[in-house]
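Heavy-atom basis, side chains included; hydrogens, waters and symmetry copies ignored.
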Amino acid sequence: MNESIRDSYNAIPYESHAFPQTHPDRLHVMARLFGMQPAALAGARVLELGCGSGGNLIPMAAAMPEATFVGIDLAPRHIEIARARVAELGLANIELRAADLLDVADSLGEADYIIAHGVYSWVPPAVQDALLHLVATKLARNGVAFVSYNTNPGWRMRGTIRDFMLYHVRQFTDPATRIAQARAMLDFMAQNTPDDTGPFAILLKRELESMRQAADAYLFHDFLEPNNEPVYFHEFVERAATHRLQYLAESEFATMLASNFSATVAQTLHKIAPDLVRSEQLMDFLRNRQFRQTLLVHADVPLTRAVDAGIVRGFEIASMARPTTPSVDLRSTEKIRYELPNGPGVATVSPITKAAFQILAECWPLGVPFAELCSAARGRLGTLPTVLPDAAQTAQDASVLAAEFLQCAAANIVELRPRPLPIALDPGTRPAAYAVARQEAKTGLQVSNLRHETAVLDEFHRQFLLLLDGTRDRASLVDELTQIVASNALAIQQDGVEIRDPASVRRVMATSVDQALVGLARAGLFPRH
């Protein structure tokens with residue numbers, strides 16, 4: 001069975017990218033929130049099972065030179081691609097192996113953080129068991145493991161569509177033909193879905209549209225492979241328990257909170273599901289959840305389920321939330337709402353929180369240590385009248401800010417970071433962009449940034465990024481971009497009209513270079529040296 005899986009990935013390599021939810025920083029924070037003392041990130045040992053062609057692990061290794069990384073994948077072609085990237089980048093802290101999870105245990109050392117993203121649901125039961133066994137035997141005492149998997153009830157609709165495609169394509173063996181025929185079936189279903197507003201039709205249309213937009217490799221490996229069996233959350237936790245592993249949390253904190261439902265639903269859940277696993281399972285039913293990113297730890301590690309707001313004081317805080325009103329009186333107690341771009345929001349009446357949000361917006365994507373943030377926010381408030389002595393005011397500020405920012409973290413409005421990110425906002429006189437991103441820009445518009453996210457570029461910024469190797473000043477960058485336009489490798493427009501005149505192109509580029517450098521810096525694409 002594993003030979004057929006290996007052959008399919010050799011034939012159609014899977015496109016792997018940076019997944020921020022798998023990063024050791026995120027796992028470290030979640031462990032601390034629930035009372036653990038996870039391994040320090042400096043010197044951490046990270047193991048990824050099913051690393052693909054290194055799209056997730058290589059950016060980690062490049063951005064964390066003080067840590068060590070091992071990646072395992074069944075497909076030799078994936079490992080060949082990954083090793084070529086590592087060699088080009090000159091990374092010495094990462095090892096990549098083509099190996100079967102059923103056979104690799106004896107050759108692996110202990111790891112502080114283990115990642116298995118996109119593996120568990122897509123392998124046979126024996127390999128699923130081997131994966132959990134590897135986690136149990138190779139995870140350090142205070143280690144954290146990330147395992148993602150498809151879940152019921154949400155995956156039932158996708159499973160129906162998958163069964164429909166599999167039934168049709170079973171007559172074909174060539175991967176390209178199977179993909180083409182699967183897409184034809186998706187189009188057929190989309191064109192013949194009942195035209196009504198019932199819940200079945202709405203859900204089916206949404207899933208079909210999502211799958212039609214998927215890349216070929218994703219469609220092939222996620223839906224046309226022989227193995228893709230979702231499990232209920234409680235079933236996964238029970239299987240993990242047989243390996244002496246316990247549920248820590250989800251990688252995305254916000255998904256764990258019943259407060260995201262109405263007050264009535266939250267109260268009912270608290271009554272009928274007093275334990276965490278039961279509550280999580282019931283929320284899956286209510287949300288029709290189809291995918292989980294679960295963190296596991298050893299069964300005998302003590303955990304604290306009541307998160308104390310004081311824990312926030314040990315982190316660096318970051319947020320790009322902005323007020324929804326054009327101006328904010330920091331010293332007033334007027335309720336102001338802060339929102340992420342196209343994302344969630346939170347309202348506050350607290351002057352210290354408003355001042356802190358203002359500072360964080362100016363610093364983004366950098367963060368600020370909690371104590372420094374409190375002090376700077378108090379400075380923004382100036383002579384705000386208070387009857388409290390300075391020490392008492394400082395203590396009250398910290399208490400208010402910790403409580404509010406824990407709620408904001410739970411809602412994904414602010415980030416809690418265990419350490420400063422290696423990001424520079426000043427590109428310098430000869431800008432040198434993140435080497436991993438420049439490497440990725442050679443072949444596509446999607447690049448990894450130093451927040452371990454995937455940034456999507458347009459063609460101008462892709463070609464511009466390729467020039468940022470530290471050898472060119474701004475004048476040289478303008479010259480190079482002007483020549484690229486002259487060679488017809490890049491087209492630029494002004495007010496909707498394409499510009500070809502060399503002098504006009506140069507004037508536009510002189511302005512565009514500075515703007516682009518600021519934008520790329522804010523996107524986390526310049527490393528701190």
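Inspection of the D473 and S476 side chains reveals an N or O donor paired with an N or O acceptor under 3.5 Å. S448 and E453 form no side-chain donor-acceptor contact under 3.5 Å, judged by distance and modelled atom types alone. Judged purely by distance below 3.5 Å, without hydrogens or angles, the side chains of T255 and R287 never pair a donor atom with an acceptor atom. When only modelled atom types and interatomic distance are considered, D458 and H461 share a side-chain donor-acceptor pair under 3.5 Å.
Relative orientation of the Y113 and H28 rings is tilted, given thresholds of 30° and 60° on the angle between their planes. By the 30° and 60° cut-offs, the orientation of the rings of F405 relative to F357 is perpendicular. Using the six-membered ring where Trp is involved, F236 and Y120 have ring planes that are perpendicular, over 60° apart on the 30 and 60° scheme.
Here the options are H117, Q21, R292, Q293, the test is side-chain hydrogen bond (donor to acceptor under 3.5 Å, both in side chains), and the partner is S148; only H117 passes. Among V447, N56, T454, the one residue that satisfies the side-chain contact (heavy atoms from CB on, under 4.5 Å) test with H17 is T454.
L490 and Q463 get closest at one heavy-atom pair: CB-NE2, 4.1 Å.
Contact of the P422 side chain with the P527 side chain is not registered, since no non-hydrogen atoms from C-beta on lie closer than 4.5 Å. Looking only at side-chain heavy atoms (C-beta outward), M509 and I492 come within less than 4.5 Å of each other. At a threshold of 4.5 Å between non-hydrogen side-chain atoms, the residues F164 and F188 count as touching.
Without hydrogens or angle criteria, R178 side chain to F220 main chain gives no donor-acceptor distance under 3.5 Å. Put simply, the side chain of S319 gets close to the backbone of I413: a donor and an acceptor are under 3.5 Å apart.
Salt bridge annotation for R212-E209: present, with a cationic side-chain nitrogen under 4.0 angstrom from a carboxylate oxygen. The pair D216-R183 meets the salt-bridge criterion, with a side-chain N (NZ, NE, NH1 or NH2) lying under 4.0 Å from an Asp/Glu carboxylate O.
For R289 and F233, the positive end is not near the middle of the six-membered ring at less than 6.0 Å and at most 45° from its axis.
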